[in-house]
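Shown next, in structure tokens, is the structure this report addresses.
This structure is a prediction, so every number in the text was calculated from the model and none was measured.
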Amino acid sequence: MAALSKSIPHNCYEIGHTWHPSCRVSFLQITGGALEESLKIYAPLYLIAAILRKRKLDYYLHKLLPEILQSASFLTANGALYIAFFCTLRRGLLTIYMANLATETLFRMGVARGTITSLRNGEVLLFCITAAMYMFFFRCKDGLKGFAFSALRFIVGKEEIPTHSYSPEAAYAKVEQKKEKLEDKPRKMNIIALVRKLVDSICKKGPRHRCCKHYEDNCISYCIKGFIRMFSVGYLIQCCLRIPSAFRHLFTQPSRLLSLFYNKENFQLGAFLGSFVSIYKGTSCFLRWIRNLDDELHAIIAGFLAGVSMMFYKSTTISMYLASKLVETMYFKGIEAGKVPYFPHADTIIYSISTAICFQAAVMEVQTLRPSYWKFLLRLTKGKFAVMNRKVLDVFGTSASKHFQDFTPRLDPRYTTVPPELPTEFS
């Protein structure tokens with residue numbers, strides 16, 4: 001801790017914006033780069049979302065551009081204002097130190113309470129617990145609303161919702177009408193029809209419990225079809241995500257196009273989503289058979305077991321995000337029930353604190369930052385975050401220059417307070 005109380009005589013140019021001595025020019029460069037990258041991120045995102053939601057022409061003419069600019073300006077402010085306040089405060093190392101101290105304090109508190117330990121497959125366990133609670137809320141009446149409810153209904157199907165607007169008799173009637181219409185029309189034997197026919201032939205004699213609402217299928221067919229459907233969705237999602245990088249190398253490395261379809265990650269995401277749905281549905285059906293009733297509490301067990309599917313696609317990002325959203329959901333439920341108080345602008349405060357901690361880590365100890373987020377910061381700032389003079393920050397004892405040992409900035413001696421080191425190689 002003694003090291004953290006030390007001060008250093010360097011100015012903001014010598015530490016922060018080493019690529020240019022002017023604070024104003026550096027701010028404008030960061031702002032321009034951040035705005036460009038933000039537009040690249042949000043423009044296609046909002047456009048694709050509008051197409052999928054089948055927005056009308058009025059949305060494209062009057063709302064699309066403002067929404068893109070609003071999100072882009074928000075992201076741009078993250079990078080631009082950080083360097084601005086870094087220069088405005090001048091001795092902003094005190095701020096960095098306090099953020100570092102706060103992070104260390106939070107870590108020590110977690111260790112003292114036994115909440116922070118190195119746990120193997122911890123992200124899978126967290127996802128199991130989160131999935132159990134999400135599925136329970138999904139099964140409860142008015143448990144989930146909005147996008148979360150729609151997403152889970154798409155993933156596991158409306159058959160797992162305990163209350164439907166139609167009776168079992170009406171459901172059977174709709175199934176029979178659907179079968180009659182299909183028999184009247186000539187079927188085209190495409191791949192999907194062949195797969196469906198194969199699954200039906202395998203599982204057509206399987207049983208179905210009276211409490212199960214998947215009236216078209218027996219329990220075995222219900223689980224198998226759920227796996228095939230979501231495996232296909234996961235596979236296609238991963239393929240679509242790889243399209244931009246694959247087509248960049250279309251002419252230089254045509255063979256890389258094959259990786260678009262035969263990449264291991266494609267099958268991992270598909271296996272994750274497919275097994276999650278099949279395990280959840282299978283466990284739900286099994287519990288209905290064992291207990292001879294359909295209970296919302298089944299969702300806790302089924303959701304927890306389904307969470308094991310993350311072994312196919314381990315992701316701390318997904319686990320942490322869903323856990324955070326779960327806490328948010330439970331918090332707002334507590335507000336609706338009058339059990340917890342409402343804090344105005346709590347989301348802004350939490351975001352500000354989280355951003356401060358992440359940016360502090362990006363300066364003082366990059367090795368503790370999530371690699372994907374570090375790459376994002378480099379992209380947002382056009383690589384400027386990597387050319388900070390972290391060697392002078394090693395005095396604080398956080399190994400700030402651990403991954404930057406070969407970098408020494410080329411500083412103009414006219415604008416420095418300490419004679420600069422001779423650079424080895426500018427990178």
Side-chain angles (χ1 to χ4, degrees), residues 124-179 196 199-200 202-231 272-310 322-323 325-326 329-330 332-334 336-337 339:
V124 178
L125 178 60
L126 178 61
F127 181 72
C128 289
I129 298 171
T130 304
M133 296 306 300
Y134 261 119
M135 299 316 300
F136 173 71
F137 286 131
F138 175 70
R139 290 292 308 274
C140 292
K141 185 177 181 181
D142 296 327
L144 288 178
K145 300 176 182 177
F147 178 77
F149 178 81
S150 300
L152 287 177
R153 183 174 59 182
F154 171 78
I155 293 172
V156 301
K158 66 180 181 180
E159 296 86 0
E160 294 300 328
I161 304 174
T163 55
H164 291 278
S165 59
Y166 51 87
S167 63
E169 292 78 9
Y172 277 115
K174 289 183 178 180
V175 172
E176 293 300 324
Q177 292 176 2
K178 185 176 179 181
K179 288 182 178 179
R196 185 180 181 86
V199 173
D200 286 339
I202 295 174
C203 307
K204 63 182 179 181
K205 295 183 180 180
R208 182 186 67 81
H209 192 268
R210 63 179 184 83
C211 294
C212 294
K213 296 182 175 65
H214 45 87
Y215 303 109
E216 294 186 25
D217 305 296
N218 56 67
C219 293
I220 300 175
S221 175
Y222 177 59
C223 297
I224 294 178
K225 288 181 178 179
F227 175 85
I228 294 175
R229 173 175 169 270
M230 288 312 300
F231 178 88
F272 165 50
L273 294 178
S275 59
F276 179 88
V277 172
S278 59
I279 293 173
Y280 178 81
K281 290 184 174 182
T283 304
S284 297
C285 289
F286 176 75
L287 292 174
R288 285 190 282 261
W289 279 93
I290 295 298
R291 300 190 64 202
N292 199 31
L293 56 88
D294 189 21
D295 192 350
E296 289 86 352
L297 294 176
H298 292 174
I300 298 179
I301 301 174
F304 185 88
L305 294 178
V308 180
S309 61
M310 181 167 271
L322 292 178
K325 293 298 291 183
L326 177 62
T329 300
M330 296 178 70
F332 282 112
K333 284 186 172 297
E336 292 177 359
K339 302 293 184 181

Using distance only, find each side-chain donor-acceptor pair of residues 126-135 under 3.5 Å and give its atom names and separation, not counting sequence neighbours.
residue: Thr130; atom: OG1; partner: Leu126; partner atom: O; Å: 2.8
residue: Tyr134; atom: OH; partner: Leu322; partner atom: O; Å: 3.4
residue: Tyr134; atom: OH; partner: Leu326; partner atom: N; Å: 3.3

Mind checking the CG-SG spacing from Asp294 to Cys285? Nearest 0.5 Å is all I need. 9.5 Å
The criterion is side-chain contact (heavy atoms from CB on, under 4.5 Å); which residues satisfy it with Phe286, sequence neighbours excluded? Ile290
If you measure from CD on Glu296 to CZ on Phe136, what distance do you get to the nearest 0.5 Å? 7.0 Å
Using a 4.5 Å cut-off on heavy atoms from C-beta on, say whether the side chain of Met230 contacts that of Val156. no
What are the two closest non-hydrogen atoms of Leu293 and His298, and how far apart are they? O-CE1, 3.2 Å
What distance separates Ile279 CD1 from Ser284 OG, expressed to the nearest 0.5 Å? 11.5 Å
How would you list, by chain and number, every residue that makes a salt bridge (Lys or Arg N to Asp or Glu O under 4.0 Å) with Arg229, sequence neighbours excluded? none
Per the salt bridge (charged side-chain N to carboxylate O under 4.0 Å, His left out) rule, what does the pair list look like for residues 272-282, sequence neighbours excluded? none
Ignoring hydrogens, what is the shortest heavy-atom contact between Gly303 and Tyr280? Give both atom names and the distance. N-CD1, 3.7 Å
With sequence neighbours excluded, tell me which residues meet salt bridge (Lys or Arg N to Asp or Glu O under 4.0 Å) with Lys325. Glu328
Can you see which heavy atom on Ser309 is nearest to which on Ala306, and at what distance? OG-O, 2.6 Å
NZ-CD1 distance between Lys225 and Ile220, expressed to the nearest 0.5 angstrom: 12.5 Å
Determine the minimum heavy-atom distance between Leu152 and Leu144, stating which atoms define it. CD1-CD1, 3.5 Å
Roughly how far, to the nearest 0.5 Å, is the CZ atom of Arg139 from the CG atom of Asp295? 7.5 Å
Using the test ring pair (Phe, Tyr, Trp, His ring centres under 6.0 Å), find all partners of Phe231 that sit at least two apart in sequence or belong to another chain. Phe227
With heavy-atom distances below 4.5 Å as the criterion, would you say the side chains of Glu160 and Ile155 are in contact? no
Sequence neighbours excluded, which residues qualify as ring pair (Phe, Tyr, Trp, His ring centres under 6.0 Å) partners of Phe154? none
